[in-house]
**Student:** 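Could you have a look at this structure, given as structure tokens, before my questions?
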Amino acid sequence: MNAYAPILVLGALGAGFAIFSVVMATLVGPKRYNRAKLEAYECGIEPTPTPAGGGRFPIKYYLTAMLFIIFDIEIVFLYPWAVSFDALGIFGLVEMLLFVLTVFVAYAYVWRRGGLDWD
């Protein structure tokens, strides 16, 4: 158990700092909407004050997030494959080609459905 004590202490410090930051931001932070908060930021859609139960987001946000996750996961699998390419042989090459083909089919589907068009 002594070997894991530093890891547990570091995890507790990280969790404590995260909780402290969230609590302090809600207590000390401004609670009024001003002109700077209502300006468009990165996405180009004008933000509005949300109702008490939350608001609806356009489906484009979720499609963009899913595309990011798909390509992020692809990189997570491609990097170790590239490192151990020689050890895997032809089996590894065929499996990776099938994986990339599957991701490409998903990409082509999203492209045909207009998921990459920025209106």
Side-chain angles (χ1 to χ4, degrees):
M1 185 64 181
N2 287 337
Y4 295 110
I7 296 171
L8 293 175
V9 170
L10 186 62
L13 283 173
F17 179 73
I19 292 169
F20 174 77
S21 298
V22 170
V23 169
M24 289 307 293
T26 56
L27 293 177
V28 179
K31 295 173 181 51
R32 295 186 312 252
Y33 282 96
N34 57 24
R35 187 168 189 227
K37 279 189 176 181
L38 293 177
E39 288 183 8
Y41 179 74
E42 285 189 5
C43 63
I45 296 175
E46 295 292 331
T48 57
T50 58
R56 291 184 164 209
F57 287 99
I59 195 70
K60 278 268 201 220
Y61 288 123
Y62 300 109
L63 288 176
T64 305
M66 285 191 291
L67 278 175
F68 175 77
I69 290 171
I70 286 172
F71 290 112
D72 199 33
I73 290 173
E74 181 183 14
I75 294 300
V76 166
F77 285 123
L78 278 175
Y79 184 73
W81 172 76
V83 169
S84 62
F85 176 72
D86 290 336
L88 295 175
I90 193 72
F91 174 75
L93 179 64
V94 170
E95 290 296 320
M96 192 50 65
L97 285 176
L98 287 175
F99 175 70
V100 170
L101 180 69
T102 306
V103 172
F104 180 71
V105 167
Y107 176 71
Y109 174 77
V110 170
W111 190 358
R112 292 280 292 174
R113 300 286 291 183
L116 302 175
D117 296 335
W118 293 98
D119 304 324

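Treat the numbers as computed from the prediction; the structure is a model and nothing was measured. For the numbers below, each heavy atom of this structure counts, side chains included, while hydrogens, waters and symmetry mates do not.
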**Student:** Supply the atom-to-atom distance Asp72 CG to Phe77 CZ, rounded to the nearest 0.5 angstrom.
**Tutor:**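 Taking CG in Asp72 and CZ in Phe77, the distance rounds to 11.0 Å.
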**Student:** Among Ile, Leu, Val, Met, Phe, Trp and Tyr joined by side-chain contacts under 4.5 Å, find the other residues sharing a cluster with Ile7 and list them by chain and number.
**Tutor:** Tyr4
**Student:** For residues 13-27, run the donor-acceptor check on the side chains, cut-off 3.5 Å, and write out each pair with its distance to 0.1 Å, sequence neighbours left out.
**Tutor:**
unit_1, atom_1, unit_2, atom_2, d
Ser21, OG, Phe17, O, 2.8
Thr26, OG1, Val22, O, 3.3
Thr26, OG1, Val23, O, 2.8

**Student:** Other members of the hydrophobic cluster containing Val83, with the 4.5 Å side-chain heavy-atom rule, please.
**Tutor:**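 So far as hydrophobic clustering goes, Val83 is joined with Tyr79.
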**Student:** Restricting to side chain to side chain contact (heavy atoms under 4.5 Å, CB included), what partner residues turn up for Val103, sequence neighbours left out?
**Tutor:** Ile70, Phe71, Glu74, Phe99
**Student:** Listed by chain and number, what are the side chain to side chain contact (heavy atoms under 4.5 Å, CB included) partners of Ile69, not counting sequence neighbours?
**Tutor:**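 Ile69 satisfies side chain to side chain contact (heavy atoms under 4.5 Å, CB included) with Ile73 once adjacent residues are dropped.
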**Student:** Are Val105 and Leu67 in one and the same hydrophobic cluster, where Ile, Leu, Val, Met, Phe, Trp and Tyr link if side-chain heavy atoms are under 4.5 Å apart?
**Tutor:**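 Cluster IDs for Val105 and Leu67 differ.
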**Student:** Tell me every residue that passes side chain to side chain contact (heavy atoms under 4.5 Å, CB included) with Trp81, counting only those two or more places apart in sequence or in another chain.
**Tutor:**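 Counting only residues at least two positions away or on another chain, Trp81 forms a side chain to side chain contact (heavy atoms under 4.5 Å, CB included) with Leu78, Phe85, Leu88, Leu93, Met96.
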**Student:** Is Met66 linked to Val76 within one hydrophobic cluster, defined over Ile, Leu, Val, Met, Phe, Trp and Tyr using a side-chain heavy-atom separation of less than 4.5 Å?
**Tutor:**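 Looking at the clustering, Val76 is in a separate group from Met66.
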